Number of protein chains: 2
Amino acid sequence: MRDYHRSVTEPEPVHTYHHGDLRRALLEAAEQMIRESGPASLSLREIARKVGVSHAGPTHHFKDKTGLLTAIAAEGYRRLGESLRAAYGSTGSFLEVGVAYVRFALAERPYFEVMFRPDMYRRDDPEVVAALGTVDDTVFGAIRTMLGPGQEDRVQTVGVAAWSLVHGLAMLTINGNLPPELAADPEGLTRTIGAAAFRSPDRALNATT
Amino acid sequence: MRDYHRSVTEPEPVHTYHHGDLRRALLEAAEQMIRESGPASLSLREIARKVGVSHAGPTHHFKDKTGLLTAIAAEGYRRLGESLRAAYGSTGSFLEVGVAYVRFALAERPYFEVMFRPDMYRRDDPEVVAALGTVDDTVFGAIRTMLGPGQEDRVQTVGVAAWSLVHGLAMLTINGNLPPELAADPEGLTRTIGAAAFRSPDRALNATT
DNA sequence: TCCCGCATCTTGACGTTGACAAGATGGCAA
DNA sequence: TTGCCATCTTGTCAACGTCAAGATGCGGGA
């Protein structure tokens, strides 16, 4: 009852309080429970039970249930930002940023699901806002580079188009709306569709008509 | 306490039971409440209160809270099917089907939000399955016509691409993820992006380079 | 016209939940 | 050693979803 789910690879818990790094343990338990049964049925008390702490234990770290979900959303946006940055950094391909987006949605599904349920957390939370800003910067930076100079007026539109495409694909895959043979290889599907919707990888959208 | 929110244009309530057409009244109240504060915070007892019925009133019509949401999802898919069919029928344009999809998502937002939260209702419900099948038939029928003969192997991919695009756009708009100047005219945005991603309205996706 | 069956709704109760207040615990700085 | 305060516990409350059992009253058969 003193050392919870501390990951072995975790270096330092910053502080070992009365019962270990409770905040992290709660977040990990929440992530696992969301992965198993979705964010809708999440219960604070069940999280506390699973971690071995009293039912009001979480209150001090996240004041609300909303507070816990806000922390999860913020962490999700941070991880998404890292994933996209890593994908762009290692490939230089804008298409691969989209693939990384879909990959993140499926691999880190608990975070992704919470992130896009804005009625479940506080979107104006500073950490959320900051992490979201970082994601935007990464994506639009990549788009600017891809389009080249003198295309500033198209950056926003292209960005929204690309975001819509991969976000929709991720959502439909997660929600089980796609035929199984396509849902089996989401990354391949993303490349196929992305390359088809864009003239070629890392080139601009087609001109209208 | 005997005649609830019966719409004046409604022809016949099929049966005027003890307290009117309760089932319809409950669904309408639920829709309104979801529109005001999202589906996450929906409360069966509050719906019952609003309609003026006891807290267990809904039980007989929808056995569960899940049952009520299932009914909403089914109705949503039916309305979506009608909207898409009407759009295609009146314009013959596949792009306009996409525009209708986004328009539906925003105008009938309560339905749309429930429909794509599969952990909140029973997706294997017969009514849901039937209504969903109708939507699929409409969309893929339109795609087949658009692509012309001999393109059967591309129908699925093109369908998923188009669906992803408009679904993502609808979701991002609803969730407030788009910059305000773009979110102000969702239908125009859909036409711009749709026409850009596709070679031209009602033509195939670009071939991959 | 009466009456009875059954769909419809109510009443009451139970276990669970999120939230709050107040108290216990124990590490750490002085 | 002492006292502070972050941390966690205990106790309580209203609200919720669900179930069981009872009341209500419409409509068909006599």
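Here the structure is a predicted model, which means the values were calculated and not measured. Lettering of chains follows the sequences in order, A, B, ..., and the numbering in each one begins at 1.
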To the nearest angstrom, the CG-P distance between A:Leu69 and C:dG18 comes to 10 Å

Considering only NZ, NE, NH1 and NH2 on the basic side and carboxylate oxygens on the acidic side, decide whether A:Arg78 and A:Glu75 come within less than 4.0 Å. yes

Taking atom types as they are modelled, would you say the side chain of B:Arg23 forms a donor-acceptor pair with the base of C:dT8 within the 3.5 Å cutoff? no

So, is A:Ser43 close to the C:dG18 phosphate, meaning a side-chain N or O under 4.0 Å from OP1 or OP2? yes

Looking at A:Glu152 and A:Arg144, does any basic side-chain N land under 4.0 Å from a carboxylate oxygen? yes

Protein-nucleotide distance (B:Arg24, atom CZ; C:dT8, atom P), rounded to Å: 15 Å

Specify the residue among A:Arg49 and B:Ala56 whose closest nucleotide of DNA chain C lies further upstream toward the 5′ end. B:Ala56

Base, sugar-phosphate, or nothing: which does A:Leu42 touch, judged by heavy atoms less than 4.0 Å apart? sugar-phosphate

What's the CG-P distance between B:Leu68 and D:dT18, to the nearest Å? 11 Å

Looking only at side-chain atoms of A:His60, point me to the closest of D:dT7, D:dG17, D:dT9. D:dT7

Residue mapping more 5' on DNA chain D - nearest nucleotide basis, A:Ser54 or A:Arg45: A:Ser54

Rounded interatomic separation in angstrom, taking NZ from A:Lys63 and C1' from D:dT7: 18 Å

From CZ of B:Phe62 over to P of D:dC19, roughly how many Å is that when rounded to an integer? 16 Å

Give the nucleotide from the list C:dT11, C:dG18, D:dG17 with an atom nearest to the side chain of B:His55. C:dT11

When the distance from CG of B:Asp21 to P of C:dA7 is rounded to whole Å, what number comes out? 17 Å

Round to the nearest Å and state the distance from B:Leu22 atom CG to D:dC26 atom P. 16 Å

Could you check how far CD of A:Glu46 sits from C1' of C:dT17, rounded to whole Å? 11 Å

Looking at C:dA7, I'd like to know if its phosphate oxygens (OP1 or OP2) sit under 4.0 Å from a side-chain N or O belonging to B:His61. no

Assign the ring pair B:Phe112 / B:His167 to parallel, tilted or perpendicular, where the plane angle (0 to 90°) is split at 30° and 60°. tilted

Could you tell me whether B:Glu96 and B:Arg191 make a salt bridge, using a distance below 4.0 angstrom between a side-chain N and a carboxylate O? yes

Between D:dT18, C:dT17, D:dT9, which one does the side chain of A:Val53 approach most closely? D:dT9

Can you tell which of D:dT18, D:dT7, C:dC9 lies closest to the side chain of B:Asp64? D:dT18

Under a 4.0 Å N-O cut-off, is there an ion pair linking A:Arg109 with B:Asp119? no

